[in-house]
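What follows is a single structure, written as structure tokens, with notes after it.
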There are 2 protein chains.
Amino acid sequence: MTASGRSISVPRPTLERLPGYLSYLKIYHSRGMTHISATRIAEDLKLHHVQVRKDLASISSGGRPRTGYEIAALIEDIDSFLGYGKVRTAVLVGAGQLGRTLLSYQGFADYGLEIIAAFDVNEEIIGSRIAGKPVYSIDELQNVCRRMDVHIGIITVPMTQAQHVCDLLADSGILAVWNFAPVHLRVPEHVIVQNENMAVSLAILSKQLDERLTAADKYSGNDDSV
Amino acid sequence: MTASGRSISVPRPTLERLPGYLSYLKIYHSRGMTHISATRIAEDLKLHHVQVRKDLASISSGGRPRTGYEIAALIEDIDSFLGYGKVRTAVLVGAGQLGRTLLSYQGFADYGLEIIAAFDVNEEIIGSRIAGKPVYSIDELQNVCRRMDVHIGIITVPMTQAQHVCDLLADSGILAVWNFAPVHLRVPEHVIVQNENMAVSLAILSKQLDERLTAADKYSGNDDSV
DNA sequence: TAGATTGTTAATCGATTAACAATC
DNA sequence: TAGATTGTTAATCGATTAACAATC
């Protein structure tokens with residue numbers, strides 16, 4: 001409804017929360033609910049209600065006192081803002097286990113990402129298809145990227161080859177790299193890198209778990225209360 | 001050297017940057033470099049040099065004027081702080097394509113994560129092994145988790161079943177859920193959820209790419225400079 | 001020594017939260 | 001109407017950055 005086309009700029013934290021709202025709202029939408037309050041969302045998502053209102057206000061036209069926000073409109077607005085509607089083509093380099101998994105993943109369609117081809121050095125799979133997508137020799141990378149005007153490159157090669165592949169992608173006119181290899185990539189100025197960083201997730205999870213466990217130890221360890 | 005055992009608390013943003021430092025430092029370490037300056041790190045990682053010093057100071061014993069930080073010590077300290085050294089056991093639910101990929105992924109060992117078993121409903125794979133790990137019926141979940149005292153559960157089932165599986169995990173004494181399904185999970189107070197959120201990564205990547213592309217349009221569109 | 005570098009204290013910036021007014 | 005709810009303005013909080021002192 002609102003928030004289409006021209007990219008309104010939102011704070012980074014807001015941008016990171018938007019996909020969360022979206023998946024949350026979709027659940028209630030699928031259950032037939034039509035409206036929801038910021039208070040309710042905040043409670044469920046463990047956020048502050050004012051924060052929820054600000055986030056939603058930045059990309060949507062707002063709710064109404066007493067009735068709250070219209071779920072369908074919110075979904076529409078977030079989806080459109082995040083650009084999940086328009087298709088973006090991407091190439092994937094490294095058709096190993098992880099690469100094959102991403103090639104087969106149906107869910108990307110919901111986010112507007114379409115992987116049009118994979119590249120590898122393994123002669124045995126070059127020329128074949130994975131999940132319907134052609135696997136080419138890495139030597140074809142530049143060719144294909146330029147011809148198809150692809151801007152996104154996905155790296156799913158072993159860490160030792162990630163930098164080299166990244167350089168090849170940059171040379172092929174790729175502007176955004178989605179990196180699944182657990183290494184830091186050095187890129188030219190104009191190239192964006194997004195690391196899909198399981199190490200970060202795991203670190204956060206572990207640290208929080210540690211805190212919980214040591215806190216729990218305090219209770220069970222020496223129970224001098226009561 | 002420092003920063004082992006007792007969990008020093010660092011700001012969330014710092015925690016999120018630490019894995020980045022680690023992978024960056026490992027590259028130079030493997031090339032035989034022994035020391036590095038915060039200035040250099042900051043430049044390469046596109047951070048502020050004071051920020052780098054603060055981050056490193058929070059988990060390490062510090063560097064020396066003129067010579068900088070000792071790379072090996074930093075690696076050791078970050079590794080130890082993030083708890084990548086000690087082994088944490090986990091179970092995985094959903095041995096589909098993504099589940100199998102995670103089961104086969106060797107890299108988790110570097111982060112101290114050991115997936116000890118997988119669970120599924122598919123009779124055809126129950127009783128088999130994937131990457132050496134046993135696949136059990138989902139009915140065995142509670143049994144195994146309690147017997148092995150497992151605290152981490154990884155969810156790789158389709159989104160429609162994620163909440164149900166999450167409930168089962170919570171009932172099995174799991175304290176931390178690593179969720180790969182693109183849905184919001186509702187959990188009891190004491191359970192931590194970490195979403196591995198490709199939607200968030202993709203949203204950030206897309207938005208940044210959009211900005212670059214529209215900025216570039218401005219130049220190429222009407223080139224009235226020069 | 002001079003200068004590269006670390007480390008610290010204070011200023012700034014941006015996001016979150018609190019307080020309150022507006023609306024259905 | 002009363003009260004649930006949105007929306008806005010101001011206060012707070014926390015992280016980043018700037019300025020400067022300390023050190024090898």
Side-chain angles (χ1 to χ4, degrees), chain A residues 1-3 8-21 24-25 28 33-75 77-78 200 203-204 207-208, chain B residues 1-3 8-21 24-25 28 33-75 77-78 200 203-204 207-208:
Chain A
M1 205 167 260
T2 350
I8 304 150
S9 182
V10 302
R12 179 53 115 88
T14 298
L15 179 55
E16 288 177 4
R17 281 189 294 268
L18 287 174
Y21 293 128
Y24 169 85
L25 290 167
Y28 286 105
M33 255 174 79
T34 58
H35 293 78
I36 195 162
S37 75
T39 325
R40 175 76 183 278
I41 298 175
E43 196 175 302
D44 288 342
L45 262 44
K46 291 174 188 98
L47 299 170
H48 194 276
H49 64 108
V50 178
Q51 186 166 71
V52 172
R53 278 194 208 97
K54 279 209 167 166
D55 285 346
L56 299 183
S58 68
I59 51 96
S60 185
S61 52
R64 287 201 297 174
R66 286 233 33 150
T67 43
Y69 296 82
E70 202 187 320
I71 293 178
L74 277 186
I75 290 176
D77 288 341
I78 298 174
V200 172
I204 294 168
K207 274 285 146 194
Q208 287 181 298
Chain B
M1 207 167 260
T2 349
I8 305 150
S9 182
V10 302
R12 177 58 113 87
T14 298
L15 180 55
E16 288 176 4
R17 282 188 294 267
L18 287 175
Y21 294 127
Y24 169 85
L25 291 167
Y28 286 106
M33 254 175 82
T34 59
H35 292 78
I36 195 162
S37 76
T39 324
R40 175 75 182 278
I41 299 176
E43 196 176 301
D44 288 342
L45 263 45
K46 290 173 188 102
L47 300 170
H48 195 277
H49 63 109
V50 178
Q51 186 166 72
V52 172
R53 278 196 208 97
K54 280 209 166 168
D55 286 346
L56 298 183
S58 67
I59 50 96
S60 188
S61 53
R64 287 201 297 173
R66 287 233 34 156
T67 44
Y69 296 82
E70 202 188 319
I71 295 179
L74 278 185
I75 290 177
D77 288 342
I78 298 175
V200 172
I204 294 168
K207 274 287 145 190
Q208 288 181 299

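So you know, we letter chains A, B, ... as the sequences are listed, proteins then strands, and number each from 1. As a basis for the values below, the full set of heavy atoms in this structure was taken, side chains included, without hydrogen atoms, waters or symmetry mates.
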Can you name the side chain to side chain donor-acceptor pair (under 3.5 Å) partners of B:T14, sequence neighbours left out?
B:D55
What pair of heavy atoms forms the shortest contact from A:S58 to A:V10, and how long is it?
OG-CG1, 3.7 Å
Sequence neighbours excluded, the answer for side chain to side chain donor-acceptor pair (under 3.5 Å) partners of B:H49 is B:R53
Euclidean distance, B:E70 CD relative to B:S61 OG, rounded to 0.5 Å:
8.5 Å
The answer to which of A:T67 and A:T14 contacts DNA chain C further toward the 5' end, by nearest nucleotide, is A:T14
To the closest 0.5 Å, what do you measure between CD1 (A:I75) and CG (A:L25)?
5.5 Å
Please list, in numerical order, the residues of residues 34-49 of chain B that have a heavy atom closer than 4.0 Å to any atom of DNA chain C.
B:S37, B:A38, B:T39
According to side chain to side chain contact (heavy atoms under 4.5 Å, CB included), who are the partners of B:P13, at least two apart in sequence or on a separate chain?
B:P11, B:R17
Give the first and the last nucleotide of DNA chain D, reading 5' to 3', that has any atom under 4.0 Å from a heavy atom of chain B.
D:dA15 to D:dC24
B:R66: salt bridge (charged side-chain N to carboxylate O under 4.0 Å, His left out) partners, not counting sequence neighbours
none
Across all chains, not counting sequence neighbours, the ring pair (Phe, Tyr, Trp, His ring centres under 6.0 Å) partners of A:Y24 are A:Y28, B:H184
According to side chain to side chain contact (heavy atoms under 4.5 Å, CB included), who are the partners of B:Q208, at least two apart in sequence or on a separate chain?
A:I192, A:Q194, B:I204
Looking across every strand, which nucleic acid part, if any, lies under 4.0 Å from B:R53 by heavy atom: base, sugar-phosphate, or nothing?
base
Toss me the dot-bracket line for DNA chain C: Watson-Crick and G-U wobble, both under 3.5 Å, 5' to 3', using | for pairs to another strand and [ ] for crossers.
..||||||||||||||||||||||
Can you name the residues that form a side chain to side chain donor-acceptor pair (under 3.5 Å) with B:E43, not counting sequence neighbours?
none
Residue pair A:K54/A:R66 against DNA chain D: nearer the 5' end by closest nucleotide is A:R66
